[in-house]
Amino acid sequence: MKKFKELMSNRWFANAFAGCITVAFYLVVSNLDMVFSGISQFLGYFSTVVGGCVIAYLMNPLAKLYDRVVFGKVKSQNLKWKFSVGLAVATVLLFVTLLLLLLIPQLLESVTSFVNNIGSYSKSLLKILKDFGLSVSESPNASGVQNLLASSEDVINTVVDYITGNSSKIISMSTNAGKGIANWVIAFILSVYFLAGKEKIKSGIKKLMSVTMRSDVYSSSILFLTHCDGILNRYIIFSIFDGVIVGVCTAIFMGITGMEYVGLVSVIIGITNLVPTFGPIVGGAIGAFILLMVKPWYAVAFIIFVLVLQTLDGYVIKPKLFGNTFGVSGLLILLAIVIGGRIFGVIGILLAIPFAAICDYVYRELFIKKLEYERLTVTEEIKEGSEIDVPIETENKKNNKK
């Protein structure tokens, strides 16, 4: 140890260490793709655990609601929390089951109806193209398009040929899908354990932070994490509530106008509405495409309705739900969406708004206030110095006069 300290005291050691850091930084910057690939591969080993933590965090507000409202009179805090977690898990499972029971029959019916009516759909599509002055027969691939759209038999044959020629890929995709479902099931089971032992996990993390940080750093860190938790909880709760409102409004509109696939389209609209900015566009496009195969005017009416609904959602519903909790500028949110989507994909887009709110909080409440405090401290020190210097100067003047 003593030799190592003597080695560090040499001037050449500091220069060599700085040179190694520079070379390492250059290698990292010049091979960012490999670095990100290695990080993602390393994190992939813990994806199931991370998924369990995310599911537990999403179920936590519901469990806290049951703990406060339903089991508020239970004296034992441990027993009360276990009851709340059990009821929250049962609620989530019931919701997912009802959603699958609603979606799977609708999806099977949609696929069956689409295959059975592909001939009439193709005629409607060709008629629309001709009305817009787009003649399919003038295209160099006209025979292929007409053969594809001529009847359902051709489509079925095409699908069978594709399955036969790509059986290995389909088996691989099925295997990966099965692994993904199994991982999510395991993650859900882990989330139940994480949620049940939340207080022990929190106390352990707090104890580790308290012994490794100074008291002032620990207090500020706990305050910062509490504020971030409040932002995320509020964003999750009201985003889900907003998605439910948009989905129900879509279902009511489609039911009144007599459109088909009410359950399928309204659920798609509600889920895609959770993704800010780009989600409603994707959901509206999917819903319009589904309805286009039934009746073209359904698709037109649906697009107009989605535009009106999203305008009301953006300017009336969301401001009423979120209030002034975030107070983040639109430019910061847009930058967070673009950067988050570029780096983290869909997850980055989903977390763009709370991340922007957290960054805004750090900038206003921590960074700016710290600079203001330092400036105020320096100003007070200067004033105290001037107050001390003034009597000395006046005393010297009196001595000179004498």
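Because the structure is predicted, anything quoted here is derived from the model rather than measured.
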Side chains of Thr257 and Tyr298, donor plus acceptor under 3.5 Å = no
Side chain to side chain donor-acceptor pair (under 3.5 Å) assessment of Thr212 paired with Tyr218 = CA-CA 9 Å; Thr212 56; Tyr218 171 76; over 6 Å; no
Contact summary for [X] and [Y], nearest pair of heavy atoms:
{"X": "Gly283", "Y": "Thr272", "answer": "CA-OG1, 3.3 Å"}
{"X": "Ile237", "Y": "Pro61", "answer": "CD1-CB, 3.8 Å"}
{"X": "Thr311", "Y": "Leu307", "answer": "OG1-O, 2.7 Å"}
{"X": "Val217", "Y": "Met213", "answer": "CG1-SD, 4.1 Å"}
{"X": "Ala63", "Y": "Ser84", "answer": "O-CB, 3.4 Å"}

Roughly how far apart are [X] [atom1] and [Y] [atom2], rounded to 0.5 Å?
{"X": "Asn233", "Y": "Phe238", "atom1": "CG", "atom2": "CZ", "value": "11.0 Å"}
{"X": "Ile245", "Y": "Leu312", "atom1": "CD1", "atom2": "CG", "value": "12.0 Å"}
{"X": "Cys228", "Y": "Ile358", "atom1": "SG", "atom2": "CD1", "value": "4.0 Å"}
{"X": "Lys206", "Y": "Ser210", "atom1": "NZ", "atom2": "OG", "value": "10.5 Å"}
{"X": "Phe302", "Y": "Leu309", "atom1": "CZ", "atom2": "CG", "value": "9.0 Å"}
{"X": "Leu98", "Y": "Leu93", "atom1": "CG", "atom2": "CG", "value": "11.0 Å"}

With heavy-atom distances below 4.5 Å as the criterion, would you say the side chains of [X] and [Y] are in contact?
{"X": "Phe194", "Y": "Ile55", "result": "no"}
{"X": "Gln310", "Y": "Asn273", "result": "yes"}
{"X": "Phe71", "Y": "Leu79", "result": "no"}
{"X": "Met209", "Y": "Leu225", "result": "yes"}
{"X": "Thr48", "Y": "Trp184", "result": "no"}
{"X": "Lys80", "Y": "Arg68", "result": "no"}
{"X": "Phe95", "Y": "Thr91", "result": "no"}
{"X": "Ser191", "Y": "Met59", "result": "yes"}

What orientation do Phe305 and Phe253 show, parallel under 30°, tilted 30 to 60°, or perpendicular over 60°?
-> parallel
Are more than 12 heavy atoms from other residues, nucleotides or ligands located less than 6.0 Å from atom NZ of Lys82?
-> no
For atom CZ of Phe355, is the number of surrounding heavy atoms from other residues, nucleotides or ligands below 6.0 Å larger than 12?
-> no
Please say which of Leu195, Leu65, Ile236, Val85 ends up in a side-chain contact (heavy atoms from CB on, under 4.5 Å) with Asn60.
-> Leu195
Give the intermediate values and the outcome of side-chain contact (heavy atoms from CB on, under 4.5 Å) for residues Ser220 and Asp216.
-> CA-CA 6 Å; Ser220 60; Asp216 56 339; 6.0 Å; no
Show your reasoning for whether side-chain contact (heavy atoms from CB on, under 4.5 Å) applies to Asp229 and Phe224.
-> CA-CA 9 Å; Asp229 179 66; Phe224 171 71; over 6 Å; no
Under 3.5 Å donor-acceptor, Ser266 side chain and Ala251 backbone = no
